[in-house]
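Notes to accompany the following structure.
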Amino acid sequence: MNVRIHSTLLAVLVTSAAVCGACGESTQPANAPAAATAPATNPVDPATAATITGSVKLEGTPPAAATINLSSDDYCVKNATTKTTRVYVVDAGGLQNVFVYVKDGLGNLKFPVPTTPVVLDQQGCWYAPRVFGIQVGQPFNIVNSDDTLHNIHALPMSNREFNRGQKLKGEKYQTVFTVPEVMVPFKCDVHRWMNAWVGVVAHPFYAVSGAGGNFELKGLPPGTYTIEAWHEKLGTQTQTVTLGAKETKPVAFNFKI
Amino acid sequence: MRHQFAALVAASTAVLIFAGGLVTSTESGLSVPDWPTTYGYSMFTFPLSKMVGGIRYEHSHRLIASTVGFLIIILAVWLWRAEPRQWVRRLGYLALAAVITQGVLGGLTVIYLLPDPISIAHASLAQIVFSLTMTIAVVTSPGWMRAYSGPTRVPNDRLLQRIAIVTAATVYIQIIIGATMRHTGAGLAIPDFPLAFGHLIPPNWDEKIAIHFAHRIGALIATGCVLATTGHVFYHHRDRAELVRPSLLLLALVATQVTLGALTVLTRKDVLINSLHVVTGGCVLATTVVLALRAHRARFARIANAGSQEQDPAYDGSLRSAGAIGAAGDHA
């Protein structure tokens, strides 16, 4: 009898805990901030800071963008910012949406954590931006600018996975990432074509290739660095760069299809 | 009337399994992040206008599941109030417990973001619920009842009983392997069919390839068991329509299932084909269970005789006079 009562209580507790796990669409961070040990000031001497200017090129012809079937949501049919896939965004031979960051070479340097939130918007049934970066501990806001339902489902390997529903236009959810991880994918399970990726790093030296595939990493202390470039389909490439004081060096990545 | 209702419940359970197959095939399992609510709404007040994208599949699955759960509650209460055979009443309670557990597993898999063990348990228990409702439909059927009171003794073929049970167990193990393959994302781990990377045996192995290949080997073994059982029926019991009919159905279902499995790979997991593969697997299992039950009908008759002569209205004593009284009995 006791065993039966205990089993029942256990089942009720487990179920209650599970149900409460889903309670509340709060705007509280899902993860504890990890920026408590971050210094207040940048350790890099601005008088010696160096810069990497680079570009990402695409060699070969990317497949034509495929038309996406948006018919599962009338709102998206009417308001989608584009109706084709966005895997390869090429501009004058330059490949956009490549995340470039310092993978190695900063040693034990600690950097201040920005308090300005990085924003991931759900707009026109797409994520904006598609590829972006953030520092560990930096506030991360996810907003829904669409007048339809989205769920934001993060699928990290090292950080905590989360899945939040946003049913109202203007709804916001704030969280932080607690450990570096390149890349953390996001997807919307409501709209299967919606994907985004964030590179979570412990420093401010990251960029996403933009117009012409160009990028810039500013304010680096002199030293030798491993720079990695990541693309959602084409994978990663790395290069080693040695920077002297106040030096500006070009780095070129060349992805092939 | 109970039989017709039980058959309705079994059919609705098959529909539920198909709906569940659609959820996983469209990867919509987390399109509704909360449970038991739906985007903060009560499940039953969620506006139809908001059923967009993957929510259509997931929320429909929840509504169908609630309906099936409600039907099983009615069935269990009905059996409790009106069914004279205690073991059949217990089947009703078991079905009710299974469907409640199934609902909780469905909720947990959403809340904990589709952990493989819970998702696999959810998929596997669904087939148990289906088989249980099918079993209730069979044992409340007029044909089953007649076996207690018919003029002739029902043959008691122990070999058929054994291979029918082995077949049902093999099919169920194959379903669990299939659920594991499905929920670990191994459905296309071997991208070609009927060969595996151009070979009979995969030249390279990893966890997903192993799971996928196990499902293919399982299909061969399950098909072999089905052929053995149906072949035995056709050879030894061709005059028993209650065995021949499900055997023919089983052969047709297995042929369909193998074809759907091949097409699932060749079409790169087409949503409809993939979902039909799930529900057809359930139908194969349910048919093997029906066959196993009917193969054991003589033993059930003895159970009825030994255990519930006073309480089983289906038992009118003629079976006793036919000399089919057995020693076995669960005194249910």
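By convention in this document, chain letters (A, B, ...) are assigned in the order of the sequence lines, proteins followed by strands, and residues within each chain are numbered from 1.
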Nearest-0.5 Å distance, OG of residue B:S28 to CZ of residue A:R192: 7.0 Å
Heavy-atom pair with the smallest gap, counting every atom of A:S72 and B:R56: CB-NH2, 3.4 Å
Side chain proximity check, A:L149 to B:Y39, heavy atoms < 4.5 angstrom: yes
Smallest separation among heavy atoms of A:G165 and B:P33, with atom names: N-CG, 3.3 Å
Choice from A:I152, A:D74, A:V190 maximising heavy atom contacts with chain B below 4.5 Å: A:V190
Straight-line distance of B:L30 CG to A:N151 CG, nearest 0.5 Å: 7.0 Å
Gap between atom CG of B:L114 and atom CD of A:E161 - 0.5 Å precision: 8.0 Å
More than 12 heavy atoms from other groups under 6.0 Å of CZ on B:F130: yes
A:N163 CG to B:I111 CD1 distance, which is reported to the nearest 0.5 Å: 11.5 Å
Portion of B:Y41 that has a non-hydrogen atom of chain A nearer than 4.5 angstrom: side chain
Nearest-0.5 Å distance that lies between atom CZ in B:F46 and atom NZ in A:K167: 9.0 Å
Partner chain A: residue of B:M51, B:K50, B:E58 with the largest heavy-atom pair count (under 4.5 Å): B:K50
A:C125: partners by disulfide bond (SG atoms under 2.5 Å apart), with sequence neighbours left out: A:C76
Approximate separation, where rounding is to 0.5 Å, of B:S31 OG and A:K187 NZ: 10.0 Å
Heavy atoms of other groups near B:F197 CZ, more than 12 under 6.0 Å: yes
